[in-house]
Amino acid sequence: IGSNADLYLELKEGTGRVFLDTFPLTKADTQISTRFAKDIACTHFKLDCDYYDFIFTIRATSNIVGGPSAGAAAAALTTIAVLDLPYTQDVAVTGTINSGGIIGPVGGVKEKLEAASKIKIKKVLIAQGSRTYPVLLPNGADTNRTLDLIEYGTTNLSMEVQEVVDLDDVLYHLTGRQLNHKNVSITQNEEYARIMNGLNRVICQRTEQLQQLLSQEKIIPSAEAEQNLQQRTESALNASTMGDFYSAASYCFSANIQLRTEYYKGKNLTEQELQSLFSTIEQKATALSFKINKQQIQTITDLQAIMIVKERLNDVHDQLQEYRSKNSSEDRYPILAYAEERFFTTLSWMQFFDMEGKHFIVDAERLQNMCVQKISEAEERSQYTSLFLGPLRLEGIQEKIDTAHRSRNQQEYFLCIITASQAKADANAILSSLGVPEESIQDFVNSKRKAVERVIAENSEEGIFPILGYSYYQYAHSLQEKEPYTALVYLEYALEMSDIALYFPEERSFFQEMTRFIQKSNLLMLGEGILIGILTTLLVMRVKRDLMRNKKKTKITPKISKQ
């Protein structure tokens with residue numbers, strides 16, 4: 001049975017904290033989702049939320065308030081309150097709020113519509129893909145029949161039911177205002193394309209070299225391996241033809257791991273030979289770690305490049321640790337192959353240190369603050385997700401959070417930031433997809449892709465091309481048709497990696513600062529000049545008026561003498 005709830009928001013001068021008062025009692029997931037809703041709204045519309053404390057109040061007719069279905073309403077109300085927008089109270093909304101401002105589906109929509117009808121609500125907003133509702137028997141059994149909720153609302157409930165994609169749509173129905181809707185187009189940065197194409201060529205040429213090596217050594221891969229290699233090389237060629245160089249390089253990287261594994265198997269290496277290869281890779285990784293720690297970071301591109309290099313180096317070290325735990329050569333071959341090819345791609349990514357860009361202040365204090373912030377966000381998302389799935393199914397996310405904590409303690413802030421960001425994105429991908437019907441997943445991924453495009457376009461307009469965010473965006477696009485859920489994860493990675501500049505102030509040269517000062521001074525002088533001009537004009541007009549008045553008072557009337 002559905003029930004209605006009223007959501008209120010009071011803003012007070014503060015520091016961005018969120019408080020929740022409910023009657024009746026509320027579950028923990030509602031408290032967390034309210035905080036997420038506020039954060040997402042503030043980020044999505046770039047609101048100045050750090051100057052307020054947010055006091056949400058929920059009054060419901062049910063026995064207990066639970067679940068994340070108030071997320072969309074809380075995000076909309078946050079926007080309305082901060083911007084002080086007029087809105088209609090004849091519209092209700094039920095849905096979760098997810099990264100990128102995407103509205104997610106919730107359960108019991110039919111019953112919620114019926115509850116809204118009883119209190120004379122004229123329109124209810126539901127998540128895209130929620131209009132098709134399964135018809136169940138009283139015992140909960142599926143009947144294989146569905147109900148069109150939009151038609152049901154019009155015919156049976158005398159109300160309009162409208163599917164919405166994102167927070168922009170919700171705000172439009174509530175306020176009539178188009179706050180964030182604009183056509184965006186992503187233009188690939190030419191320097192990025194040149195460097196990534198070079199990286200792609202190097203990695204894919206390595207594929208050809210490894211194939212030639214196997215041929216020379218007369219090593220024939222297994223039929224399954226041969227089929228996988230063919231698929232990956234074809235995918236790499238197709239991606240490269242379409243200008244998607246990151247995806248092409250990724251497919252070649254996977255092929256190289258398999259080719260090198262087949263090579264090690266075919267050579268049947270001795271323990272001494274394996275140990276020699278292991279030692280060589282370990283020494284190279286250690287030397288590169290020492291070198292990369294001296295790398296100067298001046299641009300957001302430098303920051304992203306060192307993050308990806310640090311992550312890959314950490315991956316190499318993890319593989320080497322895994323190698324030590326294996327006794328069988330058969331088990332060691334793929335681990336060693338992965339470590340070697342991972343190290344090679346790490347070297348390739350260092351080309352991005354040559355890419356030009358705006359200079360930012362990237363110091364240890366700001367890096368540490370971002371590291372701590374990302375860990376906090378990842379832990380919150382993980383805890384929230386565990387309410388639905390349990391902690392055991394989130395072990396991969398927790399491992400990344402643990403790595404971020406260790407990196408922070410070791411002052412490895414670059415590695416901390418990227419691993420914590422990935423953990424947060426993994427949790428967001430799970431939260432976003434909860435409840436999305438299989439037949440609607442492609443539409444949902446499309447919505448997420450548009451959100452990513454908006455963020456990348458906005459950063460590009462500011463002269464900050466997000467090399468990691470764009471790379472993940474392209475890779476997600478190449479996966480979307482066959483692996484939509486994996487594509488969703490990479491889109492979440494793209495969202496996380498496209499707004500890094502928010503944490504660092506732009507570094508300005510002496511000339512730029514002087515220009516800004518002069519411009520500011522000129523504006524100030526202009527304002528002062530206008531004000532002085534107005535005051536002078538008023539003063540002159542007043543003096544003239546007073547002179548005219550005095551002249552009238554002192555006017556001499558000529559006497560006429562009587563003749």
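Reckoned from all heavy atoms, side chains included, excluding hydrogens, waters and symmetry mates.
Between the side chain of Gln227 and the main chain of Glu224, no donor-acceptor pair closer than 3.5 Å is present. A donor-acceptor contact shorter than 3.5 Å links the side chain of Asn238 to the backbone of Glu234. Proximity of a side-chain donor or acceptor of Thr286 to a complementary backbone N or O of Glu282 within less than 3.5 Å is detected. Proximity of a side-chain donor or acceptor of Asp39 to a complementary backbone N or O of Cys42 within less than 3.5 Å is not detected. Side-chain atoms of Asp426 never come within 3.5 Å of backbone atoms of Ile397 as a donor-acceptor pair (strictly under, hydrogens ignored).
Partners of Lys358 by salt bridge (charged side-chain N to carboxylate O under 4.0 Å, His left out), not counting sequence neighbours: none found. Considering only residues two or more places apart in sequence or on other chains, Arg201 meets the side-chain hydrogen bond (donor to acceptor under 3.5 Å, both in side chains) condition with none of them.
Taking a 6.0 Å sphere around CD of Gln295, one finds it holds more than 12 heavy atoms contributed by other residues, nucleotides or ligands. More than 12 heavy atoms of other residues, nucleotides or ligands lie within 6.0 Å of CD in Gln231, so this atom counts as buried by the packing criterion. The environment of Glu190 atom CD is sparse: at most 12 non-hydrogen atoms of other residues, nucleotides or ligands sit within 6.0 angstrom. Surrounding CD1 of Ile220 are at most 12 heavy atoms belonging to other residues, nucleotides or ligands under 6.0 Å away.
With a 4.5 Å cut-off on side-chain heavy atoms, Asp168 and Phe45 count as touching. Annotation: side chain of Gln128 is not in contact with side chain of Phe444 (no heavy-atom distance under 4.5 Å). Within the 4.5 Å cutoff, the side chain of Asp244 has no heavy atoms near those of the His477 side chain. Side chains of Asp443 and Glu163 form no contact here, defined as non-hydrogen atoms less than 4.5 Å apart. Put simply, the side chain of Glu377 does not reach to within 4.5 Å of the side chain of Glu380, judged on heavy atoms. Contact of the Val489 side chain with the Tyr485 side chain is not registered, since no non-hydrogen atoms from C-beta on lie closer than 4.5 Å. Two residues are said to be in side-chain contact when any heavy atoms from C-beta on lie closer than 4.5 Å; Gln480 and Leu491 fail this criterion.
Sorted by first and then second residue, the pairs that involve residues 478-503 and meet salt bridge (charged side-chain N to carboxylate O under 4.0 Å, His left out), not counting sequence neighbours, are Lys374-Glu496, Lys424-Glu496, Lys448-Glu492.
The two residues Ser433 and Leu488 have their closest heavy-atom pair at CB-CD2, 3.9 Å. Closest approach of Ser471 to Met196, counting heavy atoms only: OG-CE, 3.7 Å. Contact record, Glu262 with Ala225: OE2-CB, 3.7 Å, taken as the closest heavy-atom pair. Of all the heavy atoms in Ile257 and Thr261, the pair that sits closest is O-OG1, 2.7 Å. Taking both residues in full, the closest heavy atoms of Phe353 and Ala305 are given as CE2-CB, 3.7 Å, listed atom of the first, atom of the second, then distance.
Going from atom CG of Leu288 over to atom CG of Asn293 covers 9.5 Å, rounded to the nearest 0.5 Å. Between Glu453 atom CD and Ser460 atom OG the span is 11.5 Å, to the nearest 0.5 Å. Atom CD1 of Ile464 and atom CD1 of Ile456 lie 13.0 Å apart (nearest 0.5 Å). Between the CG atom in Asn459 and the CZ atom in Arg454 there is a gap of 10.5 Å [rounded to 0.5 Å]. Rounding to the nearest 0.5 Å gives a distance of 10.0 Å between CG of Leu269 and OG of Ser276. For the atom pair OH of Tyr251 and OH of Tyr475, the computed distance is 5.0 Å after rounding to the nearest 0.5 Å.
Side-chain polar atoms of Asn446 and Arg449 form a donor-acceptor pair below 3.5 angstrom. Checking Thr345 against Arg342 by side-chain atom types alone, no donor-acceptor pair falls below 3.5 Å.
Judged by the 6.0 Å distance and 45° axis criteria, Arg332 is positioned over the aromatic ring of Tyr323.
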Tyr493 and Tyr490: CA distance, side-chain angles, deciding distance, ring-ring contact (aromatic ring centres under 6.0 Å, His included) verdict: CA-CA 5 Å; Tyr493 283 5; Tyr490 279 97; 5.5 Å; yes
Phe360 and Phe504: CA distance, side-chain angles, deciding distance, ring-ring contact (aromatic ring centres under 6.0 Å, His included) verdict: CA-CA 6 Å; Phe360 287 80; Phe504 304 96; 7.8 Å; no
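Of the candidates Leu149, Ile126, Asp148, Leu149 is the only one forming a side-chain contact (heavy atoms from CB on, under 4.5 Å) with Tyr133.
For the pair Glu273 and Lys267, the salt-bridge criterion is not met [side-chain N within less than 4.0 Å of a carboxylate O]. Between Arg312 and Asp315 no salt bridge is recorded (no basic side-chain N to carboxylate O distance below 4.0 Å).
The aromatic rings of Tyr470 and Tyr473 lie tilted to each other, with the angle between the two planes from 30° to 60°. Ring-plane geometry between Phe465 and Tyr192 is classed as tilted, the angle between the planes lying from 30 to 60 degrees on a 0 to 90 degree scale. The aromatic rings of Tyr333 and Tyr264 sit tilted, their planes meeting at an angle between 30° and 60°.
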